[in-house]
Q: 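First the structure, then my questions, so here it is.
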Number of protein chains: 2
Amino acid sequence: MVRSSGPIRPKAGEDVAGDRIRTRRNELGMSQQALAKAADVSRQTIISMEQGNYAPSVYLALRVGAALHATVEDLWR
Amino acid sequence: MVRSSGPIRPKAGEDVAGDRIRTRRNELGMSQQALAKAADVSRQTIISMEQGNYAPSVYLALRVGAALHATVEDLWR
DNA sequence: CATGGACGTAAAAAAGTCTTGACAGGTAAA
DNA sequence: TTTACCTGTCAAGACTTTTTTACGTCCATG
């Protein structure tokens, strides 16, 4: 059994961070574009994050967390 | 100035997470091997993380944080 | 001695992240 | 209808993460 490689990701089905991010963003009345700008990343990146199946770097996670006034633990479990 | 690509990382010189991780690990009297096992990753990965210039995925960060009884915010700021 | 643990370096392979840019559908307002 | 904003898809390209394997050193014991 070889865990081939690539960034560490959640087990399939345990990936709910995207939903929490989207929910939080909507609560704050922000568009994806606005969040992207606040976190200084591309809109594509925000889209991918919300759709799950995406394992951002800690630094991106911290930026998004800050932009949403939440902690990494809050959003990614 | 075009941010070419690849995971988001800290600005050069602001990368001190490695030191905090190593310090915390030593405080707990753990070897790199032990931490690697606790976080279920390779020892190489731990080495890279401690040496800085490395942007782990949020999920890896969460595992290491848990193994060190610390939050992601504590370690990566 | 020599055995073993802890740390470090190196390099290839596999799989991801993140950006840019183009294009398209839906909805709300002028 | 036209304009504008929001969301989504697709794809190429540049650069990174993480694993595995192997090898080299230092230090503490036996």
Side-chain angles (χ1 to χ4, degrees), chain A residues 1-15 17-68 72 75-76, chain B residues 1-15 17-68 72 75-76:
Chain A
M1 240 288 192
V2 210
R3 206 193 136 323
S4 44
S5 64
I8 287 180
R9 330 181 60 172
K11 298 171 200 153
E14 290 186 9
D15 191 2
D19 292 334
R20 284 192 286 250
I21 292 170
R22 170 163 300 176
T23 297
R24 186 80 187 109
R25 173 172 66 76
N26 286 322
E27 285 174 358
L28 297 178
M30 300 176 83
S31 67
Q32 295 178 331
Q33 189 64 263
L35 176 53
K37 186 171 183 179
D40 192 32
V41 294
S42 71
R43 187 169 68 93
Q44 255 314 318
T45 297
I46 300 299
I47 292 176
S48 296
M49 280 183 57
E50 293 191 347
Q51 293 183 332
N53 189 246
Y54 198 68
S57 78
V58 209
Y59 297 101
L60 167 53
L62 284 168
R63 286 195 202 171
V64 170
L68 296 179
V72 169
L75 300 173
W76 281 270
Chain B
M1 242 287 183
V2 211
R3 202 190 135 332
S4 46
S5 65
I8 288 181
R9 333 180 61 176
K11 298 171 199 152
E14 290 185 10
D15 190 3
D19 292 334
R20 284 193 285 251
I21 292 169
R22 171 164 300 179
T23 297
R24 185 81 188 106
R25 174 173 66 77
N26 286 322
E27 284 174 358
L28 297 179
M30 300 177 84
S31 66
Q32 295 179 330
Q33 189 65 262
L35 175 54
K37 185 170 184 180
D40 193 32
V41 293
S42 71
R43 187 170 66 94
Q44 260 310 321
T45 296
I46 300 299
I47 293 176
S48 295
M49 281 183 56
E50 294 191 346
Q51 294 184 329
N53 188 245
Y54 197 69
S57 78
V58 208
Y59 299 101
L60 167 53
L62 284 169
R63 286 196 203 170
V64 170
L68 295 179
V72 168
L75 299 173
W76 282 269

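Throughout, a chain's letter reflects where its sequence line sits, starting with A, and its residues are numbered from 1.
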Q: Nearest 0.5 angstrom please: B/R24 CZ to B/R20 CZ, how far?
A: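 The CZ atom of B/R24 sits 13.0 Å away from the CZ atom of B/R20.
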
Q: Is there a side-chain polar atom (N or O) of A/R25 under 4.0 Å from OP1 or OP2 of D/dC6?
A: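 The answer is no; no side-chain N or O of A/R25 sits under 4.0 Å from OP1 or OP2.
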
Q: Measuring only between side-chain heavy atoms, which start at C-beta, is A/L68 closer than 4.5 Å to A/I21?
A: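 Of all side-chain heavy-atom pairs linking A/I21 with A/L68, at least one is under 4.5 Å.
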
Q: Atom CZ in B/R25, atom CD1 in B/I46: separation rounded to 0.5 Å?
A: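 So the CZ of B/R25 and the CD1 of B/I46 are separated by 8.5 Å.
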
Q: Any chance you could measure B/T23, atom OG1, to B/L28, atom CG, to the nearest 0.5 Å?
A: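 With rounding to 0.5 Å, OG1 (B/T23) is 11.0 Å from CG (B/L28).
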
Q: Side-chain contact test, heavy atoms from C-beta onward, threshold under 4.5 Å: evaluate it for A/R9 versus A/N53 and give yes or no.
A: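 Yes - at least one pair of side-chain heavy atoms lies under 4.5 Å apart.
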
Q: For A/S42, what residues pass the side chain to side chain contact (heavy atoms under 4.5 Å, CB included) criterion, not counting sequence neighbours?
A: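 For A/S42, the residues satisfying side chain to side chain contact (heavy atoms under 4.5 Å, CB included) (neighbours in sequence not counted) are A/Q44, A/T45.
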
Q: If every non-hydrogen atom of B/A39 is compared with every non-hydrogen atom of B/V64, which pair is closest and at what distance?
A: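 Looks like CB-CG2, 4.2 Å.
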
Q: So, do B/V41 and B/M49 sit near enough that their side-chain heavy atoms are less than 4.5 Å apart?
A: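 No, too far: nothing below the 4.5 Å cut-off.
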
Q: Closest approach of B/M30 and B/A67, non-hydrogen atoms and distance?
A: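 Looking at all heavy atoms of both residues, the shortest contact is SD-O, 4.3 Å.
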
Q: A side-chain contact here means heavy atoms from C-beta on lying under 4.5 Å apart; do B/P56 and B/W76 qualify?
A: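 When only atoms from C-beta onward are counted, B/W76 and B/P56 do touch, with a gap below 4.5 Å.
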
Q: In whole angstroms, how far is the P atom of D/dT17 from the CE atom of B/M49?
A: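 Value for this atom pair: 11 Å.
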
Q: Can you sort out the partners of B/R22 under salt bridge (Lys or Arg N to Asp or Glu O under 4.0 Å), two or more places apart, ordered by chain and number?
A: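 If we apply the salt bridge (Lys or Arg N to Asp or Glu O under 4.0 Å) test to B/R22, skipping adjacent residues, the hits are B/E50.
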
Q: Could you tell me the separation between the CD1 atom of A/I8 and the P atom of C/dG16, rounded to a whole number of Å?
A: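 Rounding to the nearest Å, CD1 of A/I8 and P of C/dG16 are 13 Å apart.
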
Q: Between the protein and nucleotides 9-12 of chain C, are there any N/O to N/O pairs under 3.5 Å, and if so, what are the atom names and distances?
A:
from	atom 1	to	atom 2	distance (Å)
C/dT9	OP2	B/Q51	NE2	2.7
C/dT9	O4	B/Q44	NE2	2.7
C/dA10	N6	B/Q44	NE2	3.0

Q: Does A/S57 make a side-chain N or O approach to OP1 or OP2 of C/dC18 shorter than 4.0 Å?
A: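 Indeed, a polar side-chain atom of A/S57 lies that close.
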
Q: With respect to the phosphate group of C/dG8, does any side-chain polar atom (N or O) of B/R22 fall under 4.0 Å of OP1 or OP2?
A: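 True: B/R22 side-chain N/O within range (under 4.0 Å) of C/dG8 OP1/OP2.
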
Q: Enter the inter-axis angle for the ends of the helix from C/dC1-D/dG30 to C/dA30-D/dT1 (five pairs per end, rounded to 10°).
A: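 The end-segment axes of the helix from C/dC1-D/dG30 to C/dA30-D/dT1 are tilted 30° relative to each other.
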
Q: Can you name the atoms? Protein N/O to nucleotides 13-16 of chain D N/O, anything below 3.5 Å, with the distance.
A:
from	atom 1	to	atom 2	distance (Å)
D/dA14	N3	B/S5	OG	2.3
D/dC15	O4'	B/S5	OG	3.0
D/dT16	OP1	B/R9	NH1	3.3

Q: Please give me the minimum heavy-atom distance between B/Y59 and A/Y54, naming the atom from each residue.
A: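 Smallest heavy-atom distance, with atoms named: CE1-O, 3.9 Å.
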
Q: Could you state the atom-to-atom distance from OH of B/Y59 to P of C/dG16 in whole Å?
A: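 Computing the B/Y59:OH to C/dG16:P distance gives 14 Å.
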
Q: Identify, residue by residue, the members of residues 29-38 of chain B with a heavy atom below 4.0 Å from DNA chain C, and return them in order of residue number, or none.
A: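 B/S31, B/Q32, in order of number.
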
Q: If I take atom CG in residue B/L60 and atom C1' in nucleotide C/dA15, what distance separates them, rounded to the nearest angstrom?
A: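 That distance rounds to 15 Å.
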
Q: What distance separates A/S57 OG from B/L60 CG, expressed to the nearest 0.5 Å?
A: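 These two atoms lie 11.0 Å from each other.
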
